[in-house]
Amino acid sequence: MTARPRARGGPARTAAGLGRRPGKEPGRPQHRDPGLQPERTVLSWGRTLLLFATVSAVFLRWLPHYGGWMVVLAFLAASTAAGIYLSQRHRYGRQSRGVSAGVLEPDAVAVLATTAATCVLGGLGVWVVLG
Amino acid sequence: MTEESGRGRLASRLFPDGEEPDPRFTLANERTFLAWIRTSLAFLAGGIALEAFAVPIFDELWRRVFAVVLIGVGGLISLGAASRWIRVERSMRRRRALPVPLIVPLLSFSCGAAMVVVVLAILL
């Protein structure tokens, strides 16, 4: 993991051009778990971010019925989806390193932030339905 | 992030004792939490859509009551998911049996009650 990134065959391409961070060699697996736990977990986060995006669209769909507050709810759900999306690459690297090392700290920040976002959405949702 | 050089502050506060479990179990616990969060989001979106969508089926009061109940169940499931994630992680660190999931009967009861309400609304 210390070698500079090299392109697999073909003309040499820079790491920046491929959008890869230096220190990660293309083509080399970041972990050797045959159960693909980091992949499965990152995909599970991906399904969750898709659902946050869908929920955001559902909120916008009912904008005519509820009025402007739905924009706030839709924005919150979309921001949560964006936050998950932007942290996916970091998450995969962290989990791959953890699985390789045999020690992985539970991601309390992500879990509690997702729970908080869901609860705030729920609270605002009740308020909008009653208001 | 200090995941390699030491333990993060939040994780150290939540999980102060025990030994590090197999990382694969930690990841499985995280995926289970995410499955519950998705369930919770479905209830939340369902509640919002019910109040706006089910206009001709229920009168206004009951529509609001059902919408608030659905959103409330979604909130309870998400809180239960986080609490279960913490308790499972602690049990694994202490090499104990995993806790019984209290959100499973909540989900079953909510789905059953929703079915009954829909059937009654169609029949009456």
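So that the names make sense, note that chain A is the first sequence line, chain B the second, and so on, each numbered from 1.
Your options are Phe15(B), Trp36(B), Phe33(B), Phe43(B), and the one with the most heavy-atom pairs under 4.5 Å with chain A is Phe33(B). Contacts with chain A were tallied for Leu41(B), Asp22(B), Ile71(B), Asn29(B); Leu41(B) has the most, counting heavy-atom pairs under 4.5 Å.
Residue contact with chain A, scored on non-hydrogen atoms closer than 4.5 Å, involves the backbone and the side chain of Ser78(B) alike. In this structure, the portions of Val99(A) lying under 4.5 Å from any heavy atom of chain B include both its backbone and its side chain. For a residue to count as touching a neighbouring chain, one of its non-hydrogen atoms must lie under 4.5 Å from one of that chain's; by this rule Tyr66(A) touches chain B with the side chain only. For Ile48(B), the parts sitting under 4.5 Å from any heavy atom of chain A are the backbone and the side chain alike. Looking at Leu34(B), the atoms closer than 4.5 Å to chain A (heavy atoms on both sides) sit in the backbone and in the side chain alike.
Between Ser87(A) and the choices Arg91(A), His90(A), Arg89(A), the side-chain hydrogen bond (donor to acceptor under 3.5 Å, both in side chains) rule is met once, by Arg91(A).
Side-chain contact annotation: Glu30(B) with Trp45(A), donor-acceptor N/O pair under 3.5 Å present.
Under the 4.0 Å criterion applied to side-chain N and carboxylate O atoms, Glu60(B) and Arg64(B) are assigned as salt-bridge partners. Using a 4.0 Å cut-off between charged side-chain N and carboxylate O, Asp17(B) and Arg94(B) make a salt bridge.
Other residues, nucleotides and ligands place more than 12 heavy atoms under 6.0 Å from the CZ atom of Arg95(B). Within 6.0 Å of atom CZ in Arg84(B), more than 12 heavy atoms from other residues, nucleotides or ligands are found, so the atom counts as buried in its surroundings.
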